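Just below is one structure, and these are the notes that go with it.
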Amino acid sequence: MVFTLNYKAVKYEGDPSKRLLDVLRDDYGLMEQKEGCGEGECGACAVLINGRSVNSCITAIGSLAGKEVVTLEGYRSTKQYKALEEAFAKSGAVQCGFCIPGMIMAAESLLSSNPNPSEADIREGISGNLCRCTGYNMIVEGVQMAAKEGKGLW
Amino acid sequence: MVTSYNPVSLEEALRCKAEHPEAVLYAGGTDLMVAKKELTSLIFINQVKELQVVKETDEAIEIGAAITYRDLLSDPAVPELLKQAIREIAAPSIRNTGTMGGNICNASPAGDTLPVLYLLDAVLVLATFEEGRVERREAAIDEFIRGIRKTTLQQTEILEKIIIKKAAFSKDIRFGFKKVGARKAQAISKLLFCAALSQKDGIVTDFKVAYGSVGVTVVRRKDIEKKYTHLSLAAFKASIEEILNDYDAILKPIDDQRSTAVYRKKVCLNLLKDFLMTSYSRVVITGGTLVDGTGDKAYKADVLIEEDKIKAIAGPGSFAGEEFQDAEVFDATGLMVSPGFIDTHSHSDLKVLIEPEVLPKLWQGITTEVLGQDGISMAPLPIDYISDWKKNLAGLDGESSQFCWKYETTANYLAMIEEAAPALNESYLVPHGNIRMEAMGLEDREPTKEELHEMCKVTRREMEAGCLGLSSGLIYLPCAYAKTEELIELCKVVAEYDGVFVVHQRSEADTILTSMKEILEIGRKSGVKIHFSHFKVCGKNNWKYLPKMFQLLDDAKAEGIKVSLDQYPYVAGSTMLGVILPPWAHDGGTDKLMERLKDSSAREQMKKDIEQGIPGWDNFIEFAGVDQIFITSVNSAKNQEVVGLSLSELGERKKKEALEAAFDLLLEEENAVGMVDFYGLEEHIAQIMKREEMNVCTDGLLSGKPHPRVFGSFPRVLGKFVREEKILEAEAAVAKMTGKAAAAMGIKQRGLLKEGYYADLVLWDADRIIDKGTFKEPAQRPEGIYHVIVNGIPVIKNGEYTGERNGKVIRRR
Ligand SMILES: Cc1cc2nc3c(=O)[nH]c(=O)nc-3n(C[C@H](O)[C@H](O)[C@H](O)COP(=O)(O)OP(=O)(O)OC[C@H]3O[C@@H](n4cnc5c(N)ncnc54)[C@H](O)[C@@H]3O)c2cc1C
Ligand code: FES
Ligand code: FES
């Protein structure tokens, strides 16, 4: 089975029912995606599939034939990531950091379809991502700031 | 190892399924992967072309089973009702892969698209590959789903598409939809309600109701529906009780840990009742005299209300006859008909969550309140400050542990009000004190540049959430710590939204002129609209300032500053007893205050400051005196006996100096003591009332022993100041309770009797209307208010509350 992983075509020949999260870790050494709940509830394991955020803990690798998967490791090289990273730092969105990879993915997924989100849009956009530390306000602000300061990127 | 197949065409997929009937179909995987069953063989159908299309025919829409929710949401052909249900499903990452085919075939009692599909009489197309070709069968959704995770899906079948007839979602049908869940995202739904009602020429053509998550499968009872379809609309409306009884008898919700069966059933029936009451509701008001809120001369006319809006206003008798026979008629002969009153200064902020009827307001004809006053209210509220803030708020808004205080933002707080379903409309000002607390805590200092920036950001966030403007109360903490500059910066943000700055100014006594100048300066520098709260001047020595106060208002308006003000028509005010203490006593919050009240040298200093005054501080003891300040509320049971006493009487009772006794009381009650103080003259009230920029308010604190204004402000203006003392014409007075108030607060489409406006109305008797409450017995219903209508639904009929709660949260648009 062939798919694109972080902008490169790769071939996968293992168990098609294996969770994408495990494939990323075991087969490709990509560790940024965290396992929080393992049941699709927390968003810590989110990656981008064809540009949209998806929880890798409830995605079977076999469903991804021909699709484009981007993990945080790959996304880091983009200007969009830089904008989000800076905004998150400025707004104090990162505390323990556990939820952040997933938050970044959710933010990218939102901004790519809605570059000027309202606060309510942002809250909805990250509603599947749990953060144990911040109470979300700073994260919402971070996304808002990224949208504003990274104008034109999305 | 698990074998898998990745078909791209339906035929390929069906062949595969026919050859491997044991293989499991995988669409989005969001149910499958959570179930964590042992899988031996998988067919991925997420790339099968035929399952990915939405097709429109003349009669129907056909929706491919494996289209993701995300794509359905952006498809204009998909019925809005279905989209409503989809939007409530989980979170974006789940909707990016989850499918309706999966939702249907999983057949969970909590599947959110199912009730809508039942309601719309969806038909499923199931395909197999048999004898060398693709075979199809159709099944109605309610035949297909047989129980929890039970369907009639055959081993070799694939759900290809879902067909919904266009007639089932035509524009003429009124739909009701509501998902009640513990938390919006992720919640496995507690309960989902949807319903449809349509009529043609006064005959009910469609009546359908479906409930999700209350039984093993969706509850839809065609037998009950049939009983009421084809009735005339009037007969249908008359049968609402009966319909509710029918559903009461058949609904048997499961009792699980998510919510109790009793609660679920109650919610089910309330949602249905609400839907039935509001759909196609018509109210006709005949024979009345319209005082329409503009200030124009009253005139005789009839009013037709359809659903939540005023549909038409026309000469007497215009809405009689056959055509209007389904309407509920109010005979307003001899009565005044005016827009519902708007209370621009209300303190129901907490009460509305626990007693959403807010009866003291409804009884006096108020249909809209503006909450969030005086710079300290419910939201925003950072989690770390909850306990401190509850104490700070208790005197104004009361206390409660009946709801969760971890809502943090205005958006969430407003959603809680919505969930509580208030009987009247509620709107909100973002309070300066809450903003300050979130940005920099409760300390007595100026904000740093960063903190000020942060405060502006919070203000912006809360304005985005729908606040009408900003409020401050410059005698309350932490607002009082703010300098003018800080307020100017925040008001600049508010001005961008054309919001209003509603302010309890720093002084209503000795330094009132300086204080007004400060506020007007804020208007000048920021461009914000200024609204002075409960405008008055306190204390004998200060009455002389009144003409100068008016001059300041005139000058400001001449200069182009937008100014309005509100007033409650009483010569006594009510607030928290804590205001008698010098400001420094409150530094650092309630806990610090308690320490100081225990410390004898601090008490001495307080007494000294009260006796000698501090420049710029409104010293209540000085301008009202200990015999003119009365205790109206305390929290503890043991001190209830002192409620109603003046501070001097309190001193006598406790055999102490009045101030010492008051300090003790504040200490024992942790600052939660309410008071009234007599400060002014009736004549001043009349003068202020005549001002063009004035509108009426209650400033009503609902906890403890209330001020009579909570029950009577509006009827008092119409009874005492209009009828008895002839200070104002009724038309002008009503404008000051409705149109002017709406304009001052920026509330749209309310406050006037006008076609297309929301149908908030009050019917009252000009000869009888009067307030009844006194300072001794404040909680008395006024007289002369007969009917009150909120968003088209009568909530007071013949002076009695109907039990309906049809208020909305009004957000700035
Ligand atoms: C965190 C989380 C939150 C959720 N919240 C909600 C919620 O709020 N409301 C709600 O309703 N659901 C919710 N769900 C459940 C789930 O997302 C939905 O039921 C979704 O619609 C399932 O679709 P799917 O394509 O992912 O199904 P899959 O998991 O792919 O399939 C589910 C079942 O249906 C069968 N199937 C799928 N497609 C077909 C087909 N075309 N023909 C025949 N059989 C088929 C599969 O074999 C499987 O047995 C939630 C799930 C998670 C993980
Ligand atoms: S670990 Fe995947 S959503 Fe929680
Ligand atoms: S920063 Fe710790 S979980 Fe979000």
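These numbers were taken from a predicted model, which means no experiment stands behind them. All heavy atoms count here, side chains included; hydrogens, waters and symmetry mates do not. We name chains A, B, ... by the order of the sequence lines, and we start the count at 1 in each one.
Chain B forms the most heavy-atom pairs under 4.5 Å with one residue out of A/E119, A/R19, A/M1, and that residue is A/E119. Per-residue counts of heavy-atom pairs under 4.5 Å with chain A were compared for B/E464, B/Q47, B/K406; the largest is that of B/Q47. Between chain B and the options A/S63, A/G66, A/P16, the largest number of non-hydrogen pairs under 4.5 Å is found for A/S63.
Only the side chain of A/N137 comes within contact range of chain B, with heavy atoms under 4.5 Å apart. Looking at B/L42, the atoms closer than 4.5 Å to chain A (heavy atoms on both sides) all sit in the side chain, from C-beta outward. Both the backbone and the side chain of A/A65 come within contact range of chain B, with heavy atoms under 4.5 Å apart. When heavy atoms are compared at a cutoff of 4.5 Å, A/A120 does not approach chain B at all. With a threshold of 4.5 angstrom between heavy atoms, B/T97 approaches chain A through side-chain atoms but not through N, CA, C or O. If you measure heavy-atom distances from B/S74 to chain A, you find no contacts under 4.5 Å at all.
The closest side-chain heavy-atom distance from A/V54 to B/S93 is not below 4.5 Å. No side-chain heavy atom of A/E39 sits under 4.5 Å from any side-chain heavy atom of B/M33. Looking at B/I94 and A/I58, their side chains come closer than 4.5 Å, going by heavy atoms from C-beta outward. By the 4.5 Å heavy-atom criterion applied to side chains, A/V140 and B/R461 are not counted as neighbours. Side-chain contact between B/E454 and A/E141 is present, with at least one heavy-atom pair separated by less than 4.5 Å.
Scanning both residues, B/P92 and A/G125, for their nearest heavy atoms gives CG-O, 3.6 Å. The nearest pair of heavy atoms linking B/N96 to A/S109 is ND2-OG, 3.8 Å.
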inquiry  = Run A/E124 and B/R87 through side-chain contact (heavy atoms from CB on, under 4.5 Å) and show every step you take.
reply    = CA-CA 10 Å; A/E124 166 63 28; B/R87 274 187 216 109; over 6 Å; no

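With hydrogens and angles ignored, the 3.5 Å screen pairs a side-chain donor or acceptor of B/N6 with a backbone N or O of A/G62. Between the side chain of B/Y26 and the backbone N or O of A/S17 there is no donor-acceptor pair closer than 3.5 Å.
Counting non-hydrogen atoms of other residues, nucleotides and ligands closer than 6.0 Å to NZ of A/K82 gives a total above 12.
Of residues 64-73 of chain B, those residues with a non-hydrogen atom less than 4.5 Å from any non-hydrogen atom of chain A are, in numerical order, B/T68, B/R70, B/D71. Residues of residues 145-154 of chain A that come closer than 4.5 Å to chain B, counting heavy atoms only, are A/M145, ordered by residue number.
Rounding to the nearest 0.5 angstrom, the gap separating the CG atom in B/N46 from the CG atom in A/L64 is 7.5 Å.
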